Amino acid sequence: MKKAILFSIVMAIIGAIGGYLIGMYTFSYYTNDMRTLILEQVGTKEQFYLLTMAQSAIYALFTAFTGYLMSTRLGLMRKLTFEKESLKRVCIQVLALGILFFLDAPIFGHLIPEVAKEYDKGITLPYFFGSLIYGGIIEEVLLRLFFMTLIAFIVSLIQRKKNVSNRVLMTANIIAAIVFSAGHLPTTISLFGHLNFLIVFRCFFLNGLFGFVFGYYYIKYGIQYSMLAHAGLHFVSKILLILFY
């Protein structure tokens with residue numbers, strides 16, 4: 001219990017930092033109409049940043065605590081350290097994943113004008129660090145440690161077993177990846193102003209594919225590796241964007 005409490009407090013602090021950065025990033029990328037609507041509801045952009053900060057911290061605190069307990073019961077929670085060989089293997093794979101994610105800009109940017117327009121805005125510091133902190137760590141807490149584990153935990157209760165099969169875990173991973181993709185649709189709508197088949201396909205293809213890989217790392221190595229992979233993917237892809245796009 002003490003480890004779960006400590007872990008959730010640390011995640012809440014990280015969530016607060018990540019939430020503030022994401023608030024800065026999303027506000028700067030919103031359309032003028034969206035910004036006006038937000039300011040009418042919350043007052044100032046600083047208050048909007050604080051709101052996203054508070055929301056992120058609260059979500060992280062709750063999901064990290066409950067996720068840690070469920071993961072421990074299912075035998076998924078491992079010691080939060082990195083083993084040399086596993087770390088080396090994951091880092092090499094993350095490098096390849098980051099390059100693949102970077103290709104979103106030249107490929108989908110060519111097919112979807114709205115995507116190219118977003119990339120043309122460049123990468124701000126809040127965007128860069130927000131993607132590493134919130135995307136790399138907090139999203140893994142929300143989607144993998146909590147939601148994916150919750151699905152497996154419910155199955156374990158139904159089956160009256162402490163552990164579940166790999167099939168159950170992989171099914172939970174697929175469901176979490178789909179939800180992870182769907183969770184990006186509101187942001188996609190706010191950025192592009194509309195949806196069409198290609199935009200939705202891109203959203204589910206990119207987020208679902210990589211979300212599944214992160215879930216695989218969680219199952220095989222532990223949640224710290226899925227966090228490392230998610231943050232590493234953003235780091236590699238954005239460095240490539242800065243250098244070559």
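Not measured: the values here are computed from a predicted model. The analysis underlying the following values was restricted to heavy atoms, covering all of them including side chains, and did not include hydrogens, waters or symmetry mates.
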Do [X] and [Y] land in one hydrophobic cluster if side-chain heavy atoms of ILVMFWY residues count as linked below 4.5 Å?
{"X": "I92", "Y": "L103", "result": "no"}
{"X": "L6", "Y": "L61", "result": "no"}
{"X": "L150", "Y": "F212", "result": "yes"}
{"X": "F205", "Y": "I174", "result": "yes"}
{"X": "I5", "Y": "L80", "result": "yes"}

Could you tell me how the ring of [X] sits relative to the ring of [Y]: parallel (under 30°), tilted (30 to 60°) or perpendicular (over 60°)?
{"X": "F214", "Y": "F180", "answer": "perpendicular"}
{"X": "F101", "Y": "H234", "answer": "perpendicular"}
{"X": "F27", "Y": "F48", "answer": "tilted"}

Near [X] [atom1], under 6.0 Å, is it more than 12 heavy atoms from other residues, nucleotides or ligands?
{"X": "Y59", "atom1": "OH", "answer": "no"}
{"X": "F235", "atom1": "CZ", "answer": "no"}
{"X": "Y216", "atom1": "OH", "answer": "no"}
{"X": "L125", "atom1": "CG", "answer": "no"}

From [X] atom [atom1] to [Y] atom [atom2], the distance as rounded to the nearest 0.5 Å:
{"X": "N163", "Y": "K161", "atom1": "CG", "atom2": "NZ", "value": "9.5 Å"}
{"X": "L111", "Y": "I199", "atom1": "CG", "atom2": "CD1", "value": "11.5 Å"}
{"X": "L95", "Y": "L100", "atom1": "CG", "atom2": "CG", "value": "11.5 Å"}
{"X": "L21", "Y": "Y49", "atom1": "CG", "atom2": "OH", "value": "10.5 Å"}
{"X": "N173", "Y": "I219", "atom1": "CG", "atom2": "CD1", "value": "5.0 Å"}
{"X": "L195", "Y": "I189", "atom1": "CG", "atom2": "CD1", "value": "4.0 Å"}

Please find the pair of heavy atoms, one from [X] and one from [Y], that lie closest to each other, and give the distance.
{"X": "A231", "Y": "L132", "result": "O-CD2, 3.2 Å"}
{"X": "A152", "Y": "L169", "result": "CB-CD2, 3.8 Å"}
{"X": "G15", "Y": "A60", "result": "CA-CB, 4.3 Å"}
{"X": "M11", "Y": "M227", "result": "SD-CE, 4.0 Å"}
{"X": "V94", "Y": "G232", "result": "CG1-C, 3.5 Å"}
{"X": "S56", "Y": "I138", "result": "OG-CG2, 4.3 Å"}

Between Y221 and E83, a side-chain donor and acceptor under 3.5 Å: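 Y221 vs E83: no donor-acceptor pair found between side chains.
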Check: T149/Y218 side-chain N/O donor and acceptor closer than 3.5 Å: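 There is such a pair between these side chains.
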Mind checking whether [X] and [Y] have side chains closer than 4.5 Å, heavy atoms only?
{"X": "F7", "Y": "L145", "value": "yes"}
{"X": "V115", "Y": "R202", "value": "yes"}
{"X": "F128", "Y": "Y25", "value": "no"}
{"X": "M24", "Y": "T52", "value": "no"}
{"X": "R73", "Y": "L69", "value": "no"}
{"X": "Y217", "Y": "I223", "value": "no"}
{"X": "N207", "Y": "C203", "value": "yes"}
{"X": "I22", "Y": "F129", "value": "no"}

With no hydrogens and no angle check, is any side-chain donor or acceptor of [X] less than 3.5 Å from a backbone partner on [Y]?
{"X": "R144", "Y": "L142", "result": "no"}
{"X": "S181", "Y": "A177", "result": "yes"}
{"X": "R35", "Y": "S28", "result": "yes"}
{"X": "E140", "Y": "I137", "result": "no"}
{"X": "S8", "Y": "F65", "result": "no"}
{"X": "S71", "Y": "Y68", "result": "no"}
{"X": "S237", "Y": "F102", "result": "no"}

Check the pair V90 / F82 against side chain to side chain contact (heavy atoms under 4.5 Å, CB included), numbers first and verdict last. CA-CA 10 Å; V90 170; F82 295 96; over 6 Å; no
Single hit among V236, I123, D104 for side chain to side chain contact (heavy atoms under 4.5 Å, CB included) with L241: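 Of the listed options, the one satisfying the test is I123.
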Applying side chain to side chain contact (heavy atoms under 4.5 Å, CB included) to I175 and F147, what does each step give before you reach the verdict? CA-CA 9 Å; I175 295 173; F147 185 71; 4.1 Å; yes
Side chain to side chain contact (heavy atoms under 4.5 Å, CB included) evaluation trace for F201 with F108: CA-CA 10 Å; F201 173 80; F108 282 104; 4.1 Å; yes
So that I can tick it off, tell me whether E118 and K121 are bridged by a salt bridge, with the cut-off set at under 4.0 angstrom between side-chain N and carboxylate O.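 A salt bridge links K121 with E118.
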Cation-pi check, R89 onto Y225 ring (under 6.0 Å, within 45° of axis):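 Relative to the ring axis of Y225, which defines the angle, R89 lies outside at least one limit.
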Could you check H194 against E114 for side chain to side chain contact (heavy atoms under 4.5 Å, CB included), going step by step and ending with a plain yes or no? CA-CA 10 Å; H194 70 284; E114 293 89 347; 2.7 Å; yes
